[in-house]
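Written below as structure tokens is the structure these notes are about.
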Protein chains: 2
Amino acid sequence: MNTPAAVDTKRAAGLPRKGRIRQEHEAGILRAAERVFARAGFSAATMNGIAQEAGLPKSNLHYYFRTKQAIYRAVLTNILQLWLAPTEVIRDDRHPGDALAHYIRAKMKLTAERPDASRVFANEVLHGAPEIGGYLRRELRALVRDKARVIDGWIARGWMRPLDPVHLFFTIWAATQTYADFDAQVCAVLGRRQLTEADFERATEHVVSLVLQGCGVMNGGPGALLAAGSPR
Amino acid sequence: MNTPAAVDTKRAAGLPRKGRIRQEHEAGILRAAERVFARAGFSAATMNGIAQEAGLPKSNLHYYFRTKQAIYRAVLTNILQLWLAPTEVIRDDRHPGDALAHYIRAKMKLTAERPDASRVFANEVLHGAPEIGGYLRRELRALVRDKARVIDGWIARGWMRPLDPVHLFFTIWAATQTYADFDAQVCAVLGRRQLTEADFERATEHVVSLVLQGCGVMNGGPGALLAAGSPR
DNA sequence: GTCTATAGCCGGATAGAC
DNA sequence: GTCTATCCGGCTATAGAC
């Protein structure tokens, strides 16, 4: 929605080209909105709250986006692109120990760096994905089907034990995103006020080693993994 | 809040004993509220919606619970008890392959049978656990500490590989509850309108085998586990 | 204990001056 | 393009008849 491509589409349709100010304000609004939606969810989030977070008067928001829902949709569109990019490393010219470890690390990095994005997405799906349901049924489903075929290839070559690749994705998504979405619970149990970088490193190595060993692959790239799985 | 103990407390404090009608209506309201809060979250849920779901006029709700928040808290209290009960099987007179498999199956059974409870809990934690944060920091944290000690004992006896028991809990919770909380995403990817019993069985065996193998234990009780590792 | 009517507030959206 | 003032609908909560 904010990409050059989208701008060109609008221009082709005869709408005015976006000025620099407009682009900057729209981006600022979306950043603010992501924070507010993450904290409050869609309905408890207020235009006032977003406006304050963005440092603009409320009615200015309505100038750039017609409705609150339009802002929400734009935020989700940004997130979806971010979310699926890491799957790129899952390709059948790679070894699963390498590819899966990279994938999990990339997902966990996103979780650590963009927790608000994760929470907005979680909230949307938790309430039935009213806005992005179609996207999930089309693009996400097709993507998972492709990647599942790659994993089936690895299994056929004996590089990992037989398992259901689709459920493997569910588990990886859940295990990584829980550190953003359920942050409050994780902090409560760990006795932290907020998660440190060290916490995230520990969490990452935990998930990587559990999943790799769970899949029956144990050479996870540059050494780091074996530390966790050595005995036994 | 609805237990006999709570009633007695109130009586001791001089408040009127709960009549049968009152108990039934309160229970009906809480059941309805769980569904509505699960679908909409706290703020988008309306007293009107809960009243309709419960088959009562709106103002009747205010007779039994002073505020919407009071209903919400009562719903959460019920859920918390439900949620922690399955940890009971994690005791050091059991073998991890047995105990962990039972625990995961119990959690997944709850997820399948009480998805709304899971979603209300998820929504609460996702938004920073404003109501149950104290409970999580005290009771949940203490419980996890105890159970982590049990798992450390299993590791010391060589019954499973060394890993961080606390993060293991995070992973198990995430991997099981995702089938309720992210139900919309799971359905979209699987191409289902809603998850069948067979889907849940498959998911359960997937999580059990991934976690047990990931923990380096492979004798999971009465045989059932090994089936999951067979070809698809 | 139940229900109707309504008070009172809040938030999204808009009109229109600058 | 920006901002103030305001409308309007919907929500929680309560008052008070039955």
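Since we're looking at a predicted model, the values are computed, not measured. In what follows, chains carry the letters A, B, and so on, assigned in the order in which the sequence lines appear, proteins first and then strands, with residues in each chain numbered from 1.
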Quiz item: Taking atom CZ of B:R94 as the centre, does the number of heavy atoms from other residues, nucleotides or ligands within less than 6.0 Å exceed 12?
Solution: yes

Quiz prompt | Gap between atoms CD1 and P, on A:I71 and C:dG11 respectively (whole Å) | solution = 15 Å

Exercise. Could you tell me whether the phosphate oxygens of C:dT2, OP1 or OP2, come under 4.0 Å of any side-chain nitrogen or oxygen in B:H62?
Key: no

Exercise. Please state how far atom CD in A:Q69 lies from atom C1' in C:dA13, giving the value in whole angstrom units.
Key: 14 Å

Exercise. Can you check whether any acceptor in the base of D:dT4 is under 3.5 Å from a donor in the side chain of A:S59, or vice versa?
Key: yes

Quiz item: Salt bridge or not for A:D116 and A:R119, using N-O below 4.0 Å?
Solution: yes

Practice problem: Grab the CE-P distance between B:M47 and C:dA7 for me, whole Å please. | Solution: 20 Å

Self-check item: Gap between atoms OH and P, on B:Y64 and D:dT12 respectively (whole Å)
Solution: 19 Å

Exercise. Find the distance A:E24:CD to D:dT2:P and express it as a whole number of Å.
Key: 11 Å

Self-check item: Test: B:E205 and B:R105 ion pair at under 4.0 Å
Solution: yes

Practice problem: Taking only the side-chain nitrogens and oxygens of A:Y63, find out if one of them lies under 4.0 Å from OP1 or OP2 of D:dG1. | Solution: yes

Exercise. Check every atom of C:dG1, C:dC3, D:dT12 against the side chain of B:K58 and return the nucleotide holding the closest atom.
Key: D:dT12

Quiz item: Which nucleotide, C:dG12, C:dT14, D:dC3, lies nearest any side-chain atom of A:N60?
Solution: D:dC3

Quiz item: For the pair made of CZ in B:F42 and P in D:dT12, what is the distance, rounded to whole Å?
Solution: 9 Å

Exercise. Write down the distance between CZ (A:R66) and P (C:dT14), rounded to a whole number of angstrom.
Key: 6 Å

Exercise. Could you work out which one of D:dG1, C:dA13, C:dT2 sits closest to the side chain of A:R22?
Key: D:dG1

Quiz prompt | B:T67 side chain, from C-beta outward: closest of C:dA13, D:dG1, D:dA13 | solution = D:dA13

Quiz item: Within the modelled atom types, does a donor on one side and an acceptor on the other bring the side chain of A:K68 and the base of C:dG11 under 3.5 Å apart?
Solution: no

Exercise. Quickly work out the B:L61 CG to C:dG1 P distance and round it to whole Å.
Key: 14 Å

Quiz item: Looking only at heavy atoms, what is the nearest atom pair of B:L210 and A:V211, with distance?
Solution: CD1-O, 4.4 Å

Quiz item: Are B:E53 and B:R39 close enough for a salt bridge, meaning some N to O gap below 4.0 Å?
Solution: yes

Quiz item: What is the nucleic acid contact for B:A44, judged by heavy atoms within less than 4.0 Å: base, sugar-phosphate only, or nothing?
Solution: nothing

